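Model, not experiment: these values are computed from the prediction. All chains are named by letter (A, B, ...) in the order of the sequence lines, taking the proteins before the strands, and each is independently numbered beginning at 1.
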Amino acid sequence: MSAPAQVPAELVDPNKLDDASVIVFSEGLVGQPRWRRFVLLTADGQDAVGVLQSLDDAMVALMVTRPELVVPEYAVSLTAADRISLGLDSDQQPLVLTTVTVHGDLITTNLVGPLVINPHTLAAKQVVLSDPGYSTTHPVAHLGAEE
Amino acid sequence: VLVLTRKSEQSLHLGDDILVTVLSIEGDRVKLGIDAPRTVSVLRHELYEQVRAANTAAASTHPSLQSIAHAIRTSKPMNSGIASASASANDESQS
């Protein structure tokens, strides 16, 4: 708590980033082909939520979570073409994140369109799952529910 | 919008790589066969729209650093509750 806060702008200044920290969605996100390059910002001491800050549009930032925290059995099945485009071998596990949205005090996450990232190369793709059991607005929690 | 009429078992090409065939028509249901490279994602429009909308909602669910900075730079100083409370206590009025 007493540690000085980092200056966030330094974390997302594209001129100060090396390529090794840039997550690249070569096709952009679904319906947003220009959202291609992101950095993942996380706060020390917690790994439940992070922010994907776009490097292509500074106004775009997506809150993300690890979906297995929400639905432990959540699984993303990748096609062979997905694995090729991500550069993932059949035995390599991707990093999977899902976007978080806040509706009033309800926090939801999009389990239909997970963000799948090769943890080694940071090549990434938004996969769309046709499993009818998943929702784009899967309820996660209520803000301030612990009070 | 380009409108084409096709009968059952007729096809159309989208570019060189994609072939769409009307397999059968039963009532208001049309069964399509899509022959496309594996790298081409084929999605029902409803699903595409859901995910697109979810992406847009996620991007606007909380302000980015830049949008907070923009809001602060462009906003007029707001009277805080304390300041306006003390102003009314002192019975000052600005007009």
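A donor and an acceptor atom, one from each side chain of A/Thr98 and A/Thr109, are located under 3.5 Å apart. When only modelled atom types and interatomic distance are considered, A/Thr121 and A/Asn118 share a side-chain donor-acceptor pair under 3.5 Å.
Residues passing the side chain to side chain donor-acceptor pair (under 3.5 Å) test with B/Ser24, sequence neighbours excluded: none.
The residue among A/Glu27, A/Gln126, A/Gln32 with the most heavy atom pairs within less than 4.5 Å of chain B is A/Gln126.
A donor-acceptor pair is defined here as one N or O able to donate and one able to accept, closer than 3.5 Å; such a pair exists between the side chain of B/Ser8 and the backbone of B/Leu23. Using modelled atom types, no side-chain atom of A/Tyr134 and backbone atom of A/Leu129 make a donor-acceptor pair closer than 3.5 Å.
A single hydrophobic cluster is seen to contain both B/Leu2 and B/Leu32, as judged by linkage of ILVMFWY side chains at heavy-atom distances under 4.5 Å, directly or through other members.
Looking at A/Ile84, there are no atoms closer than 4.5 Å to chain B (heavy atoms on both sides), in backbone or side chain. Looking at A/Ser130, the atoms closer than 4.5 Å to chain B (heavy atoms on both sides) sit in the backbone and in the side chain alike.
Interface with chain A: from residues 41-53 of chain B, residues B/Leu43, B/Leu47, B/Tyr48, B/Gln50, B/Val51, B/Arg52 qualify, criterion being any non-hydrogen pair under 4.5 Å.
For the residue pair A/Val96 and A/Pro114, the shortest heavy atom distance occurs at CG1-CB, 3.9 Å.
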